[in-house]
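Shown next, in structure tokens, is the structure this report addresses.
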Amino acid sequence: MFGIYTCAYAVVAPLLGRASDARGRRTSVRLGAGAFALLACALAAVIRLEPTGIAGAPRVVLHPAAPGGLRAWTYSAVAGFALANAAFWPALQARLGDRAPSAAALARSVRRFNIGWTAGKACGFLVAGLLFAYAPSACLPLAAGCAGLVLLCALADRAGAQAASAGSPPPEHRASERPPRATRRAYLLAALLANLVLWGSLATLKGLAPKLGAHLGLGPRATGCLLFAALVAQGLAFAGLGSARRWAYRPGLLRLAAPSAALGLGFWLLAGQLGGGSALVFASALLGAALIGSAQAVTYAASVFYSLDYDEHRGLRTGIHEAVLGLGGGLEVLGGALADATAWDGAPLLFMSSGAALGALGVAWLLRPRAGGVSANSEGLGALCAGEEG
């Protein structure tokens, strides 16, 4: 099921992102939000989760009047969610670049955007974990209500009509303010690679949460708390990044992100060896989740910022950014297949920690010092941060 989403999203996101360059962001955002809300409402109408008396194991029931089987509904809906998100997210992020009058303002917009979606996602995991354990029948209706709220916000947006035309740079955001193209390319590629590894690491924890929670001897509530903690750490790290002066076109934090992911996954591997369900197991997994979430904030912020700052084809660039997220989400599918092949639920953690180590080498190579290329004092960095308010 997650593989269907991943493949569809990775293929379609760049195409729909590029379409928003030509046809306008507002239309793409509204279409994506509308499709997402309709799909969520349809699932809530035809699928029920009923308690069985067994902790964490509700029974899935399809409405008798619904045509087709349960698998057809869930697989089709997941593919539909991929298309809806591919219309929504690249266009929404591209609007940040369209409206930012300078690179400094763009960095502040990216930070607020990242904190916003992270807060929603973190609360989603926490609430879902509680509902799944105590009131599973409320999960899908609540999700449909949240999707409807997103649609209402998109329809009520008036600023979109007054924004600059899609793809046109704000007059103050001149190309001369940017570092050289070779430097921008190196940082963009490094950020995409690091984000692939970090998104795959966090996606492994999220997508395989039921199996990994059972592997650690933890129930759905504790597993939901771990995922909530990862997203809280991510949100705090987004806030802690602060102004672009601290990190934009500087290699330090980006080089540390993938090794931090490998270390965080190592703490989950260690937790699996400590004995099921103990406080030490939870503490080890909690530390690992916080490391991965914090590192994800660095790579995600860098990937969005460098995608929007690279050139004026922002819809295409953010579509590629989102496609990389889709590919990163696919890594959990490979990890799950490895777990099936080895009959060891810890295999996905070992797989992703190895991938994080390889990613760290790739990032280090892309950001290596070279003449006319990457350095902390690249030409244009001063202009980038000029007038930065923090």
Side-chain angles (χ1 to χ4, degrees), residues 1-7 9-10 78 82 118 121-122 124-126 128-129 192-218 220 222-234 237 257-274 281-282 284-300 303 322-360 362-363:
M1 185 167 62
F2 282 111
I4 291 173
Y5 180 94
T6 294
C7 294
Y9 191 69
V78 166
T118 300
K121 205 166 188 177
F125 283 123
L126 183 64
L192 289 172
L193 175 58
N195 209 25
L196 172 71
V197 170
L198 264 298
W199 198 263
S201 300
L202 200 53
T204 295
L205 302 189
K206 294 184 297 185
L208 301 177
K211 287 291 185 182
L212 291 177
H215 176 64
L216 302 182
L218 302 174
T223 304
C225 288
L226 286 175
L227 297 178
F228 173 74
L231 272 296
V232 167
Q234 182 173 291
S260 297
L263 181 60
L265 291 165
F267 277 114
W268 277 63
L269 280 168
L270 175 63
Q273 306 300 316
L274 292 176
V281 168
F282 185 82
S284 179
L286 182 65
L287 179 57
L291 274 172
I292 295 170
S294 299
Q296 171 69 87
V298 172
T299 62
Y300 193 96
S303 183
E322 290 294 311
V324 168
L325 301 186
L327 292 174
L331 296 177
E332 72 179 65
V333 180
L334 298 178
L338 187 60
D340 288 339
T342 60
W344 179 42
D345 286 340
L349 301 172
L350 182 60
F351 170 74
M352 272 313 309
S353 62
S354 301
L358 291 175
V363 170

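The model shown is predicted, which means the values in this text are computed figures rather than measured ones.
The side-chain heavy atoms of C225 and L126, taken from C-beta on, include a pair separated by under 4.5 Å. Residues W268 and L226 have side chains in contact (heavy-atom distance under 4.5 Å, counting atoms from C-beta outward).
To the nearest 0.5 Å, the span separating CG on L331 from CG on L196 amounts to 5.5 Å. Once rounded to the nearest 0.5 Å, the distance linking CE of M352 with CG of L205 reads 9.5 Å. A distance of 6.5 Å separates OH of Y9 from CG of L325, quoted to the nearest 0.5 Å. Separation of atoms CG (D345) and CG (L208) is listed at 9.0 Å; rounding is to 0.5 Å. In this structure, CG in L291 is found 10.0 Å from CG in L286, a value given to the nearest 0.5 Å. Between the NZ atom in K206 and the OG atom in S201 there is a gap of 11.0 Å [rounded to 0.5 Å].
Summarising the geometry of A295 relative to S260, their closest heavy-atom pair is CB-CB, 3.9 Å, with the distance given to 0.1 Å. Smallest separation of non-hydrogen atoms from A237 and A297: CB-CB, 3.5 Å. Minimum interatomic distance between A290 and A233 (heavy atoms only, all atoms of both residues): O-CB, 3.6 Å. Taking both residues in full, the closest heavy atoms of A258 and V197 are given as CB-CG1, 4.5 Å, listed atom of the first, atom of the second, then distance. L274 approaches S284 most closely through the heavy-atom pair CD1-CB, 4.3 Å. Considering all non-hydrogen atoms of both residues, G329 and A203 come closest at CA-CB, 3.9 Å.
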_Between L202 and Q234, is the side chain to side chain contact (heavy atoms under 4.5 Å, CB included) condition met? List the steps._
CA-CA 11 Å; L202 200 53; Q234 182 173 291; 3.6 Å; yes

*Could you walk me through whether T204 and F351 pass the side chain to side chain contact (heavy atoms under 4.5 Å, CB included) check?*
CA-CA 10 Å; T204 295; F351 170 74; over 6 Å; no

*asked:* The test is side chain to side chain contact (heavy atoms under 4.5 Å, CB included); show your working for Y300 and L198 and say whether it passes.
replied: CA-CA 9 Å; Y300 193 96; L198 264 298; over 6 Å; no

*Decide yes or no on side chain to side chain contact (heavy atoms under 4.5 Å, CB included) for L349 and L212, but give the supporting numbers first.*
CA-CA 9 Å; L349 301 172; L212 291 177; 4.1 Å; yes

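None of N195, L193, V324, L192 except one satisfies the side-chain contact (heavy atoms from CB on, under 4.5 Å) rule with T299; the exception is N195.
Within a 6.0 Å sphere centred on NZ of K121, heavy atoms belonging to other residues, nucleotides or ligands number more than 12.
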